[in-house]
Amino acid sequence: MKFYSTNNKDLRVSFKEAVFNSMPLDKGLYMPEVIPQLPTDFIDHIEKYSLTEIAYEVASALLKDEIRAEDLKALVAEAANFNAPAVALDDHTFVLELFHGPSLAFKDFGARFMSRVMGYFLKDGEQLLDVLVATSGDTGGAVALGFLGVPNTRVTILYPKGKVSPIQEQQLTTLGQNIRAIEIDGTFDDCQALVKAAFADEELNKKFRLTSANSINISRLIPQTFYYFNAYAQLKRKGIKDVVFSVPSGNFGNIGAGLLAYKMGLPVKQFIAATNVNDTVPRFLETGVYETKPSVQTYANAMDVGAPSNWVRIMDLFGGDTETLKKVVTAYRYNDEETLAGIKTIDEKYNYITCPHTAIAYLAADKYRNETDFEGGIVFLSTAHSCKFPDIFPAELAAKIEIPTSVKELEGRTKQADELGVDFEGFKKWLESKN
Ligand SMILES: *Cc1c(COP(=O)(O)O)cnc(C)c1O
């Protein structure tokens with residue numbers, strides 16, 4: 001399987017090249033040249049497979065020419081080594097808990113898979129790999145924990161100063177070893193712009209072997225398809241065949257992976273893109289005009305994205321056909337007040353506490369149920385553990401949140417981070433001086 005650039009379909013590269021380049025020079029994004037169809041026999045009996053078996057089947061359809069079967073099996077088993085249960089809140093509403101990995105967020109699926117793919121391709125004696133990552137909070141922790149101690153790699157994390165939670169900041173800044181953190185005096189979009197500028201900079205590319213760990217890297221996207229198939233399998237075991245997914249969306253990598261799974265043959269009735277007030281995509285689906293805006297800070301800060309980078313991939317999956325896309329994807333937006341009310345509703349109704357991102361997905365799922373006569377199963381994705389966002393919960397709800405032991409272990413560790421502005425020259429100098 002080769003991968004093309006969304007800006008130039010004649011440009012074809014190997015998976016290895018797509019993973020290490022992260023982004024083609026023409027600033028498109030890599031996509032598989034063919035969307036492989038999973039065997040109907042596999043889909044028809046998917047309820048018989050475990051998460052790692054499903055992961056192998058899906059990964060193999062895309063990557064079997066590039067990674068030997070036995071290696072790929074071991075790789076997916078290591079990457080997806082935690083559960084992703086679809087917990088029933090009632091007979092037809094399920095919360096897909098994607099926060100059982102090391103950083104307590106769904107991004108562990110992508111980050112763990114990516115770090116192991118890179119480790120696989122990085123032979124001894126190759127130039128040190130510099131992973132640059134912009135984060136609004138959760139990516140950085142997942143990537144840092146994913147790459148921690150991986151030989152021949154170094155990770156540099158850029159995060160917006162004062163805009164990530166204390167636990168997120170601890171996960172970004174206290175690990176040491178091959179992990180470095182920079183707090184940027186700006187927004188997530190500023191961090192992302194700096195990383196993108198570094199990839200486009202010839203001098204830096206000569207000096208360093210740069211790669212991205214953001215959701216633009218194709219090796220992050222692929223493993224995120226696994227849990228959609230696996231969630232479908234779980235519902236099927238309960239006798240539910242009609243499934244809708246509600247996905248809290250920022251950069252649209254998560255839902256993009258869901259749509260890739262759909263195009264590979266996963267029978268999903270509808271996807272719901274749930275956003276906060278950074279609503280570029282909901283506005284686009286309403287008006288047909290795609291207009292990006294600077295991001296606004298919200299309670300669901302991992303979704304504070306004004307220019308969702310994976311949107312081009314979704315358009316590519318649909319061959320630019322907005323009308324067909326609109327039949328498959330519905331979008332709703334929620335402000336902070338509604339998000340907080342949503343958290344309270346879920347607690348009152350189900351005695352279940354969600355993070356703000358997850359609450360937005362719940363609200364959208366609930367709205368979809370009320371607006372349609374859909375009677376099948378609705379799965380809303382829980383993208384992070386609620387303990388990562390302690391500040392937004394009223395005291396009586398905060399008291400109910402159970403803190404996992406992995407978080408307790410970070411307490412009291414020393415923060416190590418440099419502070420920089422939003423100008424590219426400053427960031428470039430930093431990279432050069434810290435070599
Ligand atoms: C990253 C993130 C999202 C948004 O996912 P995208 O793939 O960027 O759309 C939602 N919730 C949480 C908790 C996240 O960390």
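Remember, it's 1-based here, ligands and their atoms both numbered in the order they're listed.
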### Task
Provide the number and element of each atom of ligand 1 under 4.0 Å from a heavy atom of Gly253.
6 (P), 7 (O), 9 (O)
### Query
Which residue from Phe106, Phe99, Phe389 reaches closest to atom 5 (O) of ligand 1 through any of its heavy atoms?
Phe106
### Query
For atom 7 (O) of ligand 1, what's the nearest protein heavy atom and its distance?
Asn254 N, 2.8 Å
### Message
Please list, in number order, the atoms of ligand 1 under 4.0 Å from a heavy atom of Ser249.
### Response
9 (O)
### Message
I need the contact type for Lys388 against ligand 1. Using non-hydrogen atoms and a strict under-4.0 Å cut-off, is it side chain, backbone, both or neither?
### Response
neither
### Task
Please confirm whether Ala105 comes under 4.0 Å of ligand 1, counting heavy atoms of the residue only.
no
### Query
For the side chain of Asn83 and the backbone of Pro85, is there at least one donor-acceptor N/O pair under 3.5 Å apart?
no
### Message
Tell me whether Phe252 has any N or O atom under 3.5 angstrom from an N or O of ligand 1.
### Response
yes
### Message
Apply side-chain hydrogen bond (donor to acceptor under 3.5 Å, both in side chains) to residues Asn217 and Arg220 and explain how you reach the verdict.
### Response
CA-CA 6 Å; Asn217 196 298; Arg220 289 255 322 254; over 6 Å; no
### Task
Only pairs at least two apart or in different chains count here, so list each salt bridge (charged side-chain N to carboxylate O under 4.0 Å, His left out) that has a residue in residues 79-96.
none
### Query
What protein heavy atom sits nearest atom 13 (C) of ligand 1, and how far away is it?
Asp138 OD2, 3.0 Å
### Message
Are Tyr49 and Phe42 an aromatic pair, judged by ring center distance below 6.0 Å?
### Response
yes
### Query
Relative to each other, are the rings of Tyr290 and Trp311 parallel, tilted or perpendicular (30° and 60° limits)?
parallel
#### Entry: ligand 1 atoms in contact with Lys107 (distance to a heavy atom under 4.0 Å)
1 (C), 2 (C), 3 (C), 14 (C), 15 (O)
### Task
Would you check the N or O atoms of Asn251, main chain and side chain alike, for any that come under 3.5 Å of an N or O of ligand 1?
yes
### Message
Tell me whether the NZ or CZ atom of Arg209 lies within the 45° cone about the ring axis of Phe20 and under 6.0 Å from its centre.
### Response
yes
### Query
Is the closest basic N to carboxylate O distance between Lys9 and Asp316 below 4.0 Å?
yes
### Query
Has ligand 1 got any nitrogen or oxygen that is less than 3.5 angstrom from a nitrogen or oxygen of Gln224?
no
### Query
Within a strict 4.5 Å, meaning less than it, do heavy atoms of the Glu169 and Tyr159 side chains meet?
yes
### Task
Quick one: list whatever passes salt bridge (Lys or Arg N to Asp or Glu O under 4.0 Å) with Glu78, sequence neighbours left out.
Arg116
### Query
Just distances here: any N/O of Met303 and N/O of ligand 1 closer than 3.5 Å?
no
### Query
What protein heavy atom sits nearest atom 12 (C) of ligand 1, and how far away is it?
Thr383 OG1, 3.3 Å
### Query
Is any N or O atom of Gly250, backbone or side chain, closer than 3.5 Å to an N or O atom of ligand 1?
yes
